[in-house]
**Student:** 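Can you read through this structure? Questions will come right after.
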Amino acid sequence: MSGSNNNSKKQFNRKKTRLYNSRNIKSQNFEPSYDSEQKVLDVNQFVQSRDYEIKSFEQSQLNSKNASATRVFQALPRSLRRRAASHNVKRIPKRLRVRAKREMSTSVPVKKMPRGRKLYKLMLRNRLLKVASKMKAMRYDPMDVTSSAKTIRAQFKELRDELKKIQEEDGEDGRTRLNNEVGSRDITGVNDLAPRPRGNIKYAKRQKEFVWIPTHIWHVKRFHMVKKYGFQIPYSPNQKCFKLMNRWNRAKSVCFDTSYFLTMVLTFPDYVGVPEEDPLVDLVKLLTLKKKVSQKVLSGDKSYKGVLWAHSGPGFLYVNKELRTVLIRVYPSTYKGLFDALKSRLKNIEGANIYDCRYSLGSIEMSGPLSLRSLSKIFHFKDLSPELRDIWASLSENTDSDLIPVGTTFTFNLQDPRIWQRPTKFPFKSPEGQSIYDTVIALNSNSHINNEVVEKLCSVSGREASYNKQLLIKQLGKFFANPLKQPEEVAHSQIPVILSKIDTQKWVLILPWHWVLPFWIQLTKVTDVKPGGSKQMIQFQFENQKQSFPEDYPWLKDGWALNTLIGEANQLKADKLPKSQVSVAQAEHNVSELFSGNNCAWRTLKNLIFAAKFAKLNGHNRGDVEASFANFNGPEREINSVHDLIQVIKTLEKEIPEDNDSVPVVDLYDKKMAYHKDFYKDEYTVGKLSYVVDLTLPVVPISVRIVNDGTIEDNARIYSSADGDDFSCVGFVTTGSMNLNLGKCSGIGSIIAQAWLLENGSNKLYIRNPGKSKTSLVEYSLI
């Protein structure tokens with residue numbers, strides 16, 4: 001025992017000694033400059049003897065510092081980083097370019113560019129080669145220029161005269177004359193669709209099939225673009241921004257260039273007669289699908305946002321009864337159908353016209369609580385009344401616009417925002433003691449619509465006048481180079497705009513097409529604004545538990561076509577999978593005998609419900625259906641079991657006329673329709689089995705939220721019971737994902753409109769994702 005204790009003590013002492021030695025810094029006293037007796041170090045002699053070592057040590061420190069230091073482009077926030085900034089100094093913000101040039105000069109040798117006459121000749125040669133390639137592509141003979149009897153100078157003079165004539169007079173193609181050097185012109189179709197804009201001649205070929213929105217060049221450098229609806233649309237920023245956009249939409253503001261949302265203007269002649277028979281009022285009632293329209297909507301004090309006539313989906317409507325003008329803004333996929341329907345209807349009204357303003361009116365949407373504050377920093381007004389000035393000052397100071405009613409509309413005459421290099425605060429403050437509640441009361445009590453602004457914005461001549469003397473970038477540069485000039489000396493522009501609230505925390509700014517880009521560039525300079533794309537618009541609608549068009553509108557043609565397209569795309573994807581992998585459709589067949597896992601199987605659900613009703617089966621699950629077969633004989637064919645019923649439904653799937661395949665089989669529930677009333681109360685009958693093919697299924701839109709745990713995916717099935725069998729299916733989720741506002745999964749979908757489901761006193765349903773067997777409990781609420 002004593003020997004073991006001695007060994008442990010030695011081991012312990014050995015460890016303690018090693019630890020003690022590791023904490024001591026050993027020093028060498030055998031140094032000529034060190035006097036051991038007096039224990040004094042001669043510093044000068046020591047430094048001279050170690051001069052080389054000290055310099056080497058300092059140089060190594062500098063080298064290691066430069067090697068491990070962060071480059072300028074890496075020190076920037078992610079929103080400002082660019083891939084080209086790693087080797088192109090001009091891609092880095094100006095405040096950091098000096099440091100970036102220093103880094104580039106020490107790391108990479110900079111090639112000196114030629115200067116003077118040599119550089120000029122190289123650039124001239126480059127331009128001539130471009131011209132020669134253009135002439136060759138156009139099969140133009142260069143001898144026509146060199147061998148002509150006229151001199152080069154005379155030919156230039158003829159070309160100048162021709163260009164001047166085109167600018168001063170209307171061309172043969174109907175183009176209006178230019179009143180600016182920028183090339184901004186109004187392209188509007190009168191009682192017909194307008195021609196496509198030609199764009200810059202340098203990029204004309206790229207716009208043959210897909211038109212560029214005004215901010216295309218700005219977006220294409222920073223966004224993923226998609227070709228859709230005849231436009232090139234910004235889809236999403238290049239950088240990952242899902243959570244970032246959610247935070248900015250809740251706390252600050254996000255802007256969208258929505259100029260691809262198409263606009264038309266309707267004008268009516270003066271009417272003298274019974275107000276109820278006014279053709280303008282009748283058309284507004286037809287467009288809004290209402291029997292009575294608010295007087296504030298008719299007078300122009302408020303706008304209307306909702307589902308429009310002719311299956312146009314949600315749209316924006318602004319009416320000014322005094323000016324006899326109606327402005328309509330809809331989704332691009334539904335524009336042509338609505339335009340043709342309104343054109344044929346206006347033929348019966350003498351003096352009425354319809355103007356296609358697809359390429360003459362643009363729009364910018366703002367989302368978030370600081371939308372008005374951000375807009376106030378780029379708005380510079382002309383002829384603003386004192387009352388409206390106080391209202392705008394109060395609204396711009398407020399950090400939340402929830403109290404402002406949806407539909408509130410402003411009309412402004414604005415100046416060119418580029419004259420102010422940086423966003424500036426509104427120079428006026430709200431009156432002392434005036435709260436946001438007083439401002440809202442003042443908004444609702446009086447009209448603040450300027451009819452002159454509306455008339456200029458909705459007329460070709462008014463939009464052309466706004467482009468008068470529009471400044472070039474070079475002219476702006478000369479103005480900024482001369483600090484003696486005041487903004488009032490060049491603020492000649494008067495830009496008519498309409499600003500309207502279209503949803504909670506959401507505004508739309510409608511303005512002339514060629515003024516969208518100047519406003520957009522200045523708006524993106526505001527620190528509280530982030531630009532977004534169409535993907536972010538869908539994300540915000542989903543997180544606010546609201547529908548997005550066309551994804552969540554299966555009863556409209558666009559929503560039905562998208563659902564069909566999703567099914568075809570998923571099937572193509574499944575066909576390409578190797579046999580070792582199981583597709584979603586194959587996994588769904590293991591769980592369901594009827595439904596497809598590729599999309600929302602609305603046709604199968606409709607056939608299932610109406611075939612069961614035809615067979616007079618009771619219950620809404622498989623057990624009840626099987627029990628009903630005990631006392632049942634098929635009316636037209638023998639259906640003596642669940643298997644027989646499933647075979648009937650599969651047979652009905654094949655009996656689809658090719659012409660009706662694109663027609664939706666679901667319909668939005670309308671309590672005014674007799675058939676929908678009977679379906680809601682479950683008092684309808686199906687006389688023949690062949691009638692099932694032609695019937696439509698009334699549905700109501702809902703939003704669902706996970707109760708405990710689980711996920712919700714697109715095309716998820718909605719059940720009335722936890723078993724999740726085919727006979728208890730009542731609808732589908734059209735959009736499902738993680739909701740950052742709720743902190744859990746949610747979805748937007750539709751269920752059948754029946755009283756036993758909607759009036760059972762419980763708001764609980766069950767969700768099963770396609771290809772999965774587990775069901776999750778969800779809460780639902782009607783939209």
Side-chain angles (χ1 to χ4, degrees), residues 242 542-543 545 551-552 554 563 566-567 569-571 573-574 577-606 608-609 612 619-626 642-643 645-646 649-650 699-752 756-758 760 762-781:
F242 187 80
F542 170 76
E543 289 173 343
Q545 300 183 42
E551 292 86 354
D552 303 322
N563 184 51
I566 290 172
N570 287 335
Q571 186 59 45
K573 183 180 179 181
L577 290 176
K579 294 183 178 180
S580 58
Q581 294 186 18
V582 179
S583 65
V584 176
Q586 291 173 338
E588 182 69 15
H589 286 313
N590 298 330
V591 184
S592 171
E593 298 180 72
L594 287 173
F595 295 109
S596 169
N598 290 327
N599 60 356
C600 299
W602 288 109
R603 192 181 298 277
T604 306
L605 178 62
K606 180 206 71 165
L608 174 62
I609 291 174
H620 304 287
N621 55 60
R622 192 183 188 95
D624 294 339
V625 171
E626 289 177 347
V642 174
H643 175 74
L645 182 60
I646 291 174
I649 296 169
K650 290 182 178 180
V699 296
V700 291
I702 63 169
S703 64
V704 296
R705 301 165 297 282
I706 287 288
V707 175
N708 298 319
D709 58 348
T711 60
I712 302 179
E713 300 176 1
D714 295 348
N715 309 324
R717 286 83 176 96
I718 304 177
Y719 298 97
S720 59
S721 65
D723 298 336
D725 61 84
D726 292 342
F727 293 92
S728 62
C729 182
V730 294
F732 297 94
V733 173
T734 51
T735 305
S737 183
M738 181 67 184
N739 192 325
L740 294 179
N741 288 352
L742 300 177
K744 53 186 176 182
C745 287
S746 69
I748 305 293
S750 301
I751 57 174
I752 58 175
W756 69 268
L757 180 64
L758 300 175
N760 60 1
S762 172
N763 64 338
K764 300 291 192 298
L765 290 172
Y766 297 89
I767 292 289
R768 183 178 63 80
N769 293 321
K772 309 292 177 58
S773 58
K774 181 183 176 182
T775 58
S776 303
L777 180 65
V778 295
E779 295 177 342
Y780 78 91
S781 58

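Worth saying up front: this structure is predicted, and the values here are computed from it rather than measured. Sequential numbering from 1 along the given sequence is applied to the chain's residues.
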**Student:** Okay, side chain of D726, backbone of E593: is any donor-acceptor separation there less than 3.5 Å?
**Tutor:**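 Yes.
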**Student:** With heavy-atom distances below 4.5 Å as the criterion, would you say the side chains of I706 and L742 are in contact?
**Tutor:**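 When only atoms from C-beta onward are counted, L742 and I706 do not touch, as no gap falls below 4.5 Å.
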**Student:** Whether the side chain of N570 engages the backbone of N599 through a donor-acceptor N/O pair (distance < 3.5 Å, no angle test) should be reported.
**Tutor:**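 Between the backbone of N599 and the side chain of N570 there is no qualifying donor-acceptor contact (under 3.5 Å).
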**Student:** Working to the nearest 0.5 angstrom, can you tell me the gap between N715 CG and N598 CG?
**Tutor:**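 Between atom CG of N715 and atom CG of N598 there are 8.5 Å.
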**Student:** Run the side-chain donor-acceptor check on residues 578-587: report pairs under 3.5 Å with partners two or more places apart or on a different chain.
**Tutor:**
unit_1	atom_1	unit_2	atom_2	d
S583	OG	Q586	N	3.3
Q586	OE1	S583	N	3.2

**Student:** Answer whether the closest heavy-atom distance between the side chains of N739 and R705 falls below 4.5 Å.
**Tutor:**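 Answer no - side chains too far apart.
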**Student:** Not counting sequence neighbours, which residues clear salt bridge (charged side-chain N to carboxylate O under 4.0 Å, His left out) with K772? List them please.
**Tutor:**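 For K772, the residues satisfying salt bridge (charged side-chain N to carboxylate O under 4.0 Å, His left out) (neighbours in sequence not counted) are E713.
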**Student:** Which heavy atom in C600 sits nearest to a heavy atom in F732, and how many Å separate them?
**Tutor:**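 Reported closest heavy-atom pair: SG-CB, 3.7 Å.
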**Student:** Give a yes or no answer on whether the side chain of D714 reaches the backbone of G736 with a donor-acceptor pair at less than 3.5 Å.
**Tutor:**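 A pair under 3.5 Å: yes.
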**Student:** Quick one: closest heavy-atom pair of S750 and P554, and the distance?
**Tutor:**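 Looks like OG-CG, 4.2 Å.
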**Student:** Roughly how far apart are S762 OG and E779 CD, rounded to 0.5 Å?
**Tutor:**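 Output value for this atom pair is 9.0 Å.
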**Student:** Can you tell me how far the CG atom of L605 sits from the CG atom of L594, to the nearest 0.5 Å?
**Tutor:**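 That separation rounds to 10.0 Å.
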**Student:** Just to verify, what does T775 make a side-chain hydrogen bond (donor to acceptor under 3.5 Å, both in side chains) with, not counting sequence neighbours?
**Tutor:**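 Residues passing side-chain hydrogen bond (donor to acceptor under 3.5 Å, both in side chains) with T775: none at all.
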**Student:** Say whether S728 and S720, considering side chains only, have a donor N or O and an acceptor N or O under 3.5 Å apart.
**Tutor:**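 Looking only at side-chain atoms, S720 and S728 do not form any donor-acceptor pair under 3.5 Å.
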